[in-house]
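I have placed the structure first, in the form of structure tokens, so that the comments after it can refer back to it.
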Amino acid sequence: MIRKSIIFIVVSILFLLGACNPKAKETMEKTKLPETHIPESETETSENKPENPEQTHEEVMEEVKSAIETEIELKLPSDVIIGDGYLTAITTSDESNYEVNFYTTNVPIPVNDPSLHDAHPYMIVSGAKFDSADAAKAKINYQPIIDGAEEIDLGHGVVGYRDAGAGSIFMTWHEGRWSFLIRNLNSESGNEEMIDLSKQIVAKLESQLLPAPQKIGAGTFDMDSDGAVANILMWQESDVVYEVYTADPLILVDTVTDYMKE
């Protein structure tokens, strides 16, 4: 139980801290999209305020790249999968870090517009350089397999390991250098939902490739949390850690596998 409690504490801290092209259309057919978040401040327009011009996703992404000033290798999705609405973003960066908060809105809003600061991000993408590769590796929330955990067949030759503690249930499995951990409430329905999501992620990764980390990578999914920080994929490349967060776990997998390839 001590080891179970440690895993639960690590996962809880993580979640408290965290969080139109043909291919995008194809991906949206594969994955159900979450409802678009519309900040209340954006639902009203002033007659005296001119409308902002609509931008394509490609134009938004180019503007995002231009706004970032950093010395580390920039890794961003080539597109962000959304439903209805407009894509925009806020960027922050320095020589050893960058972060992009993406938003969906019901009216066009420029990148880095101050009105976005009180809105909830739809997706977060970041990169951070550490003092050493070992320090970067320590940042990765890599999950070991728990001794005595129950084996669950997740399909495609992948075995998951189910464990429970402190009112939660967990599913852990490894694929290559990646570990995956899903948390849900400990109930019959919560268990079924957790197993179903685990199988969906495993099935996606049969044909969709995650980045190959130089050391380790980790996917952590909290089915009992809301917002972008509920789900994260993070991986290490030398002394740099890259992280992607979004509220829908399957859109997260699609984004990192389909839109962040080298």
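Every heavy atom of this structure was used, including side-chain atoms; hydrogens, water molecules and symmetry mates were not. Sequence positions, counted from 1, serve as the residue numbers for this chain.
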Are any side-chain N or O atoms of Thr88 and backbone N or O atoms of Pro110, one a donor and one an acceptor, separated by less than 3.5 Å?
-> yes
State whether the side chain of Gln236 and the backbone N or O of Ala133 hold a donor-acceptor pair below 3.5 Å, judged by distance alone.
-> yes
Here the gap from Tyr245 atom OH to Leu233 atom CG, rounded to the nearest 0.5 Å, amounts to 10.5 Å
If you measure from CD1 on Ile81 to OH on Tyr122, what distance do you get to the nearest 0.5 Å?
-> 6.5 Å
Between Thr70 and Asp94, is there a donor-acceptor pair closer than 3.5 Å when you use the side chain of the first and the backbone of the second?
-> yes
Might you confirm whether atom CG of Asp196 has over 12 heavy atoms from other residues, nucleotides or ligands at distances under 6.0 Å?
-> yes
Phe180 vs Trp173 aromatic rings, parallel, tilted or perpendicular, using cut-offs 30° and 60°?
-> parallel
In terms of side-chain geometry, is the basic nitrogen of Glu237 or Lys75 positioned less than 4.0 Å from the acidic oxygen of its partner?
-> yes
Does Ser126 offer a backbone N or O that forms a donor-acceptor pair with the side chain of Glu99 under 3.5 Å?
-> no
Using atom types as modelled and distance alone, determine if a side-chain donor or acceptor of Asn184 lies under 3.5 Å from a backbone N or O of Gly190.
-> yes
Taking atom CD1 of Ile109 and atom OG of Ser115, what is their separation to the nearest 0.5 Å?
-> 4.0 Å
Are the aromatic rings of Tyr142 and His174 close, with centres under 6.0 Å apart?
-> yes
Value rounded to 0.5 Å, distance of NZ in Lys215 from CZ in Arg177 = 8.0 Å
